[in-house]
Protein chains: 2
Amino acid sequence: MLVCMTSSRARAEAALLAALASLVADETRAAVLLALLDGRAWTAGELARYAGVAASTASEHLGKLVAGGLLAEERQGRHRYVRLADARVAQLVEDLAAQVAPASAARPRTLRESSAGSAMARGRTCYDHLAGRLGIAVTDALTGLGLLRQDTGFALTDEGVHWFDGLGVPLVRTGRRPLARACLDWTERRPHLAGVAGAALCRHALDAGWCVRIGSERAVKVTDKGERVLAELLGIQAAALR
Amino acid sequence: MLVCMTSSRARAEAALLAALASLVADETRAAVLLALLDGRAWTAGELARYAGVAASTASEHLGKLVAGGLLAEERQGRHRYVRLADARVAQLVEDLAAQVAPASAARPRTLRESSAGSAMARGRTCYDHLAGRLGIAVTDALTGLGLLRQDTGFALTDEGVHWFDGLGVPLVRTGRRPLARACLDWTERRPHLAGVAGAALCRHALDAGWCVRIGSERAVKVTDKGERVLAELLGIQAAALR
DNA sequence: CGGACACTTCGGCGAGCACCGAAGTATGGG
DNA sequence: CCCATACTTCGGTGCTCGCCGAAGTGTCCG
């Protein structure tokens, strides 16, 4: 029998790629990954209820995702907390989700979905940074002030790095994660700020009370204080956030 | 029966995400996608032989990939040519491949694989831009000359844009594709230049005879002329390419 | 120490799907 | 015009995998 594939290296790589994709290729596991995009750790039971499957089923799925390196787990007493393994996995899930979003973003069906959808569209977290109209508004404002360049790529300027220092949020590179990275926003269909700077800004916004989480999902709401600060600091009009 | 998933919007998104991943989750389809990463169009028969499956099987796989929007097809007489649908799909496949590569890149097995692997490691195309040690050397050289910034993100400088003009390869933005983008190199495990600039440079390198393709896969070889030009233009030592 | 709770393991069921070969359709060359 | 070639369609087969409920393990609390 002739070995037709040009090299077994290529076949090995294909097998690994297929194995990785298989982890995402199940609707329940995909729902889990999307839920964990909020950057927080969920218990196995929460995820089971969220995805609408039996606890035993969810347990098996989490086992596969952990074994595949997509999730990290932490045991606390009788709870099993899981979260996305790292920023790289989050980026992968976001990229995949952005690829399919254009097809689904179009039409909200019911009123409930519509209002839930619009809360997500106004502002949400995307793993560890801000997204939705809020994320876009911040990204645009930073760009307009010359703190971020988008025309030739996606990078902070020296003034941008300095601005974060002034905010009391110095940026430190950890590992290979870039200071600034573009993340495609699936409601706005434009890139918003991710990377170390995006994460630092989001954490600061939540810590300083510029915005708060709504419910148990990814949506966030800008507070009155947040509106004031964003207008003052970045010139963002409240209307851009509605 | 209680609808447990918080919103059916979330379930719909999960279903789409799973459907997309399913396309990649088969070893044969994964092999096809990796083969097409060379940026060229292959016939259905070539891909069937490459992947080691019957023509009928390959035909079904290509049908699914086209229907899923990952491939574009062109019929010419009795041939069906397919290629990756666009740069965005290529980026997705590259990102997925980079995620699994760290596990597979470690150990070549046989001499044949080793030499094939090292040709790929020296230089190759990654959809439409240069990768491998060649791609890294070019990226580093551009950075060292102040034409590309990597410290605060990944963007050309104004001098960088000008440099491309001087090369006779003016950069024009098409759609939403960024001029510069980081693509993680799975042999070097560091980012190399992709995006409009990466594609333009690769095309120019092939057109001007700086490098040529080896065999029918993605590997490329730097010519003598290429070595001269790269040393002259970017200060790249020939040793960095070996 | 006993019961409630969170999670895991196991057996079994059913659906989906990758695969092939054979037969059918379209194209190009002699 | 006929045959070789490239691809597609179809029916059938076997395997994988997601799912559940029941039973088991470990943890917390009264």
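Residue numbers begin at 1 in each chain, while the letters A, B, ... track the order of the sequences. Please read all numbers here as calculations on a predicted model, not as lab measurements.
In this structure, CG of A/L65 is placed 10 Å from P of D/dG18, rounded to the nearest angstrom. Nucleotide D/dC15 holds its P atom 17 Å from the CG atom of B/D26, rounded to whole Å. Here the C1' atom of nucleotide C/dA6 and the CH2 atom of A/W42 are 17 Å apart, to the nearest Å. The CZ atom of B/R49 sits 12 Å away from the C1' atom of D/dC7 (whole-angstrom rounding). Summarising the geometry, the separation between CG on A/L47 and C1' on C/dT8 is reported as 16 Å, rounded to the nearest angstrom. Summarising the geometry, the separation between CD on A/E27 and C1' on C/dA15 is reported as 15 Å, rounded to the nearest angstrom. The CG-C1' distance, from A/L62 to D/dG18, rounds to 14 Å in whole Å.
Nucleic acid contact class of A/A55 (heavy atoms, under 4.0 Å, all strands): base.
Residues from residues 72-82 of chain A that place a heavy atom under 4.0 Å from any atom of DNA chain D, listed by number: A/G77, A/R78.
Checking D/dG18, C/dT9, D/dC20 against every side-chain atom of A/A54, the shortest atom distance belongs to D/dC20. Taking every side-chain heavy atom of A/H61 into account, D/dC19 is the closest of D/dC19, C/dT9, C/dC19. Of the candidate nucleotides D/dC7, D/dT9, C/dC19, D/dC7 has the atom nearest to the side chain of B/T43.
At a cut-off of 3.5 angstrom, the base of D/dG18 holds no donor-acceptor pair with the side chain of A/T57. In the interface, the side chain of A/E60 is not paired with the base of C/dC7 through any donor and acceptor atom under 3.5 Å apart.
Using a cut-off of 4.0 Å between Lys/Arg side-chain N and Asp/Glu carboxylate O, B/R88 and B/D86 are scored as not salt-bridged. Between A/E46 and A/R40, none of the side-chain N atoms (NZ, or NE/NH1/NH2) sits under 4.0 Å from a carboxylate O, so this pair counts as no salt bridge. Salt-bridge check for B/R181 with B/E94: passed, with a basic side-chain N closer than 4.0 Å to an acidic carboxylate O.
One finds the NE2 atom of A/H61 at 9.5 Å from the OG atom of A/S56 (value rounded to the nearest 0.5 Å).
With B/V32 as reference, B/L62 is the one residue of B/L70, B/V82, B/L84, B/L62 to meet the side chain to side chain contact (heavy atoms under 4.5 Å, CB included) rule.
Proximity of A/S59 to the phosphate of C/dA6: no side-chain N or O atom is located under 4.0 Å from OP1 or OP2. A close approach under 4.0 Å does occur between a side-chain nitrogen or oxygen of A/T28 and OP1 or OP2 of D/dC19. For B/K64 and C/dC17, the shortest distance from a side-chain N or O to OP1 or OP2 is not below 4.0 Å.
In the displayed structure, B/D207 atom CG is contacted under 6.0 Å by more than 12 heavy atoms of other residues, nucleotides or ligands.
Counted by atom type alone, B/T187 and B/R124 present one or more donor-acceptor pairs between their side chains at under 3.5 Å.
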